[in-house]
Amino acid sequence: MFKLLFKYTKDGWKSAMLGPILVILEVIFDLGIPYAMALIIDEGINNRGGDINYIVKLGLIMVGLAIVAGIFGALSGISVSVASCRFTRNIRSAMLEKIQEYDFKNIEKFPVSSVVVRMTSDMRMLRMAYTSIIRTMIRAIVMLILTAIMIFRLNSALANVFAVAIPILGTGLIIIMMKARPRFRILMSKFDAMNAGLKENIEGIRVVKNFVRAEYEEDKFEKVSKDVLKSQRYAENVIILNQPLFELVMYACMIAVAWYGGNFIIAGSLTTGQFMSYLSYLRQILFSLLGISISLTQIVNARASVDRANELLDEKPSIDDSLADKNLLVKDGSIEFNDVSFKYFDEAKKDTLTNINLKIQSGETIGILGPTGAGKSTLVQLIPRLYDIKQGQIKVGGRDIKDYSLYNLREGVSMVLQKNLLFSGTIKENLLWGNPYANDEEIIEACKKAQAHDFIMSFPDGYNTVLDQGGNNVSGGQKQRLCIARALLKKPKILILDDSTSACDTNTDKKIQEALKNKLDSMTSIIIAQRVSSVKDCDHIIIMNDGRIDDIGTHDELLNRNEVYKDLYETQLQGVQNG
Ligand code: ATP
């Protein structure tokens with residue numbers, strides 16, 4: 001926690017330092033009150049026989065001390081609150097920055113729901129612990145030290161009560177903390193699971209309704225909610241032991257002080273005023289100890305959150321481009337796969353791609369067909385280094401892809417993923433993701449190629465139409481066309497469409513393929529499709545099966561020699577004619 005504190009306090013140092021200083025001042029003024037009270041009893045009442053002027057003067061001093069302590073208390077509250085908000089804001093920003101560096105493998109390790117919990121609930125825990133450390137813990141420790149000095153000055157024999165009580169309380173608290181920490185970690189992971197279920201349910205609400213699965217989903221949620229409840233009770237069961245432990249020690253101290261204090265008064269070694277202020281200090285000490293125990297509880301809760309934040313922040317991107325030439329740009333759209341084999345997990349028994357050898361000239365249009373799970377998406381995802389290969393070599397523009405910085409490589413290779421997303425904002429804002437400097441003419445040209453211009457213009461606000469989160473207010477096919485236009489705007493050397501026209505009708509699909517084929521620049525296009533008609537006019541068509549390239553050829557060549565292709569073509573042709 002302290003490592004995070006030093007690293008991410010950054011711009012909050014002023015308020016972070018001011019907080020404890022103000023707390024210490026608050027405590028000093030607070031502690032003057034029982035001291036003034038002892039003087040009123042011993043001096044004003046006992047020694048001076050009820051000197052009213054003296055008593056009023058000290059009474060006013062007590063009020064003054066309370067007001068000043070209150071002001072310092074309020075100011076420290078404000079500065080601690082500012083510092084804690086800045087601290088957690090800095091961690092949150094660092095987390096988001098780190099996630100941007102992640103590659104696909106890292107992203108798969110941290111589900112979205114878990115990241116959300118880490119950036120919200122975990123940060124709230126951390127903020128509460130931060131506030132507690134400075135407001136409650138520092139206050140309690142300073143109070144404890146100063147009060148201990150005061151009570152030793154008043155009567156050192158009576159102070160021995162605390163010499164016995166504090167180690168007992170301390171040991172109890174340490175045991176509770178050690179037991180609670182792993183339980184809170186389990187609790188946060190249960191929160192992750194609950195959020196994951198919730199996210200899935202809400203995102204898929206249309207499917208849930210369509211399949212009339214509301215009851216099933218409710219039961220599923222009930223189960224994870226119960227799991228959270230169980231873990232919460234499991235963690236809290238340890239933490240609540242704090243209270244009885246504290247009360248036991250507090251009442252034992254009070255009895256001991258009353259017993260010994262009474263005897264000292266009878267023996268004449270302690271005055272009534274001293275005894276009264278002793279009792280006030282006793283209360284302060286015990287409340288300080290309670291404050292420390294509450295803070296420790298929050299620190300224990302936050303420890304689990306700190307571990308989870310560190311996990312995310314310390315994650316090393318599995319793709320390293322630090323040795324790449326930062327000035328090297330992709331010069332053309334040629335692609336070469338030399339003996340490439342790939343698997344997603346080292347421990348996997350079988351390769352997802354096996355011995356891929358492939359040469360694509362710059363400017364060619366390539367189609368990829370194959371049954372589901374054949375490895376088509378995996379193959380194209382290796383080109384912009386979304387995953388790293390351990391065997392073989394991939395070249396783009398004549399150079400090993402590892403020679404390029406990830407930024408330059410991905411600037412040269414634009415990919416429309418199967419699950420592509422649009423963001424909330426206008427259509428134009430979404431398109432500008434492809435190229436923030438594109439002018440209206442370029443935007444319209446890209447949209448015309450992607451067959452998106454006409455439907456955009458049919459909306460009352462045209463390019464300024466506001467899209468909902470995820471682009472949910474346009475149809476699947478329209479979304480796909482916008483994603484293609486966005487990718488085209490980047491003017492990449494290589495454009496990859498991974499099943500990106502599957503939701504478009506055959507006619508629109510054909511027009512997109514034609515527009516891509518008739519491009520004037522030398523962009524290489526790779527089109528993964530399920531329909532033969534989508535790739536029929538490509539320069540070469542790759543047939544993939546079980547992670548291998550089965551065949552490569554033109555439509556006519558494959559029709560003549562490849563039975564699988566011929567069957568697929570004829571079946572689909574028949575489907576169209578019958579339809
Ligand atoms: P489809 O046409 O259904 O999209 P595909 O030919 O594109 O299929 P891939 O998505 O490349 O096939 O998947 C090839 C194999 O790799 C499949 O067995 C799949 O389960 C596996 N796979 C795909 N993505 C991952 C991943 N991120 N982690 C682990 N395995 C994966």
Side-chain angles (χ1 to χ4, degrees), residues 1 3-5 7-8 84-85 87-130 180-205 207-208 216-236 298-319 344-348 381 386-387 417-421 423-424 469-470:
M1 170 136 186
K3 195 182 115 202
L4 275 186
L5 201 64
K7 196 162 173 196
Y8 294 105
S84 68
C85 287
F87 169 58
T88 44
R89 179 202 62 192
N90 291 341
I91 300 180
R92 257 197 294 266
S93 305
M95 280 179 168
L96 192 71
E97 216 170 284
K98 187 77 193 189
I99 292 167
Q100 306 306 315
E101 288 173 20
Y102 280 7
D103 50 63
F104 276 30
K105 234 176 180 161
N106 304 114
I107 291 167
E108 279 156 18
K109 195 167 156 190
F110 296 100
V112 179
S113 49
S114 169
V115 173
V116 171
V117 175
R118 283 166 210 248
M119 290 178 87
T120 52
S121 305
D122 282 319
M123 287 304 104
R124 191 168 51 80
M125 289 275 200
L126 221 59
R127 197 164 57 75
M128 278 162 56
Y130 182 102
R181 187 176 165 190
R183 295 179 182 216
F184 272 96
R185 218 179 140 75
I186 295 173
L187 174 64
M188 294 317 284
S189 69
K190 296 288 174 193
F191 268 124
D192 279 357
M194 186 174 79
N195 266 31
L198 199 61
K199 180 177 169 286
E200 196 176 56
N201 177 284
I202 293 171
E203 273 181 1
I205 193 79
V207 183
V208 173
Y216 170 80
E217 284 295 314
E218 274 167 28
D219 287 349
K220 211 168 88 182
F221 186 69
E222 181 68 25
K223 227 158 124 197
V224 284
S225 281
K226 272 191 185 150
D227 245 12
V228 170
L229 182 73
K230 220 166 102 193
S231 311
Q232 203 149 21
R233 281 171 55 184
Y234 182 62
E236 300 285 343
Q298 274 168 344
I299 292 170
V300 171
N301 295 359
R303 276 294 308 168
S305 298
V306 167
D307 290 347
R308 286 158 52 83
N310 276 333
E311 239 171 45
L312 210 145
L313 289 165
D314 295 342
E315 175 76 7
K316 297 254 174 304
S318 57
I319 298 179
Y344 284 98
F345 303 103
D346 292 341
E347 58 276 16
Q381 282 176 5
L386 297 181
Y387 295 94
L417 297 166
Q418 248 177 26
K419 280 189 244 159
N420 237 319
L421 252 192
F423 294 86
S424 44
Q469 198 181 18

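No experiment lies behind these values; they were computed from the predicted model shown. We number each residue from 1, following the sequence as shown.
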Chemist: Surrounding NZ of K220 (heavy atoms of other residues, nucleotides or ligands, distance under 6.0 Å), is the total greater than 12?
Modeler: yes

Chemist: Could you walk me through whether D192 and F110 pass the side-chain contact (heavy atoms from CB on, under 4.5 Å) check?
Modeler: CA-CA 10 Å; D192 279 357; F110 296 100; over 6 Å; no

Chemist: Are R303 and D307 ion-paired here, with the side-chain N under 4.0 Å from a carboxylate O?
Modeler: yes

Chemist: Once you round to the nearest 0.5 Å, how far does OG1 of T120 lie from CG of N195?
Modeler: 7.0 Å

Chemist: Which pair of non-hydrogen atoms, one from S231 and one from K190, has the smallest distance, and what is that distance?
Modeler: OG-CG, 3.1 Å

Chemist: Please examine the side chains of F191 and V116, heavy atoms only from C-beta on, and report whether any two atoms are closer than 4.5 Å.
Modeler: no

Chemist: Quick check on E315: does its CD atom have over 12 non-hydrogen neighbours (other residues, nucleotides or ligands) under 6.0 Å away?
Modeler: yes

Chemist: Hey, are the side chains of V224 and L198 touching, using non-hydrogen atoms and a 4.5 Å cut-off?
Modeler: no

Chemist: Calculate, to the nearest 0.5 Å, the distance between atoms CD1 and CD belonging to I202 and E217 respectively.
Modeler: 10.5 Å

Chemist: Please give me the minimum heavy-atom distance between R127 and S84, naming the atom from each residue.
Modeler: CG-OG, 3.3 Å

Chemist: Report yes if some heavy atom in the side chain of L96 is under 4.5 Å from a heavy atom in the side chain of Q100; otherwise report no.
Modeler: yes

Chemist: May I ask you to check whether over 12 heavy atoms, not counting those of Y344, lie within 6.0 Å of atom OH?
Modeler: yes

Chemist: Find the distance between CZ (R118) and CG (N310) and round it off to the nearest 0.5 Å.
Modeler: 10.5 Å

Chemist: If every non-hydrogen atom of L386 is compared with every non-hydrogen atom of D103, which pair is closest and at what distance?
Modeler: O-CB, 4.3 Å

Chemist: Determine, stepwise, if the pair R92 / T88 fulfils side-chain contact (heavy atoms from CB on, under 4.5 Å).
Modeler: CA-CA 6 Å; R92 257 197 294 266; T88 44; 4.2 Å; yes

Chemist: For the residue pair F104 and Y387, does the interplanar ring angle fall in the parallel (under 30°), tilted (30 to 60°) or perpendicular (over 60°) class?
Modeler: perpendicular

Chemist: How many angstroms lie between CZ in R124 and CE in M128, if you round to the nearest 0.5 Å?
Modeler: 6.0 Å

Chemist: Please give me the minimum heavy-atom distance between K316 and N106, naming the atom from each residue.
Modeler: O-ND2, 3.1 Å

Chemist: Can you see which heavy atom on M188 is nearest to which on S121, and at what distance?
Modeler: CE-CB, 4.2 Å

Chemist: A side-chain contact here means heavy atoms from C-beta on lying under 4.5 Å apart; do L126 and F87 qualify?
Modeler: yes

Chemist: Salt bridge between E311 and R185, side-chain N to carboxylate O under 4.0 Å?
Modeler: yes

Chemist: Return yes when atom CD of E108 has more than 12 non-hydrogen atoms of other residues, nucleotides or ligands closer than 6.0 Å, and no otherwise.
Modeler: yes

Chemist: Rounded to the nearest 0.5 Å, how far does CD1 of I319 lie from NZ of K105?
Modeler: 8.5 Å

Chemist: What distance separates I186 CD1 from D227 CG, expressed to the nearest 0.5 Å?
Modeler: 11.0 Å

Chemist: So that I can tick it off, tell me whether E236 and R233 are bridged by a salt bridge, with the cut-off set at under 4.0 angstrom between side-chain N and carboxylate O.
Modeler: no

Chemist: Of all the heavy-atom pairs spanning M194 and V228, show the shortest one and how long it is.
Modeler: SD-CG2, 3.8 Å

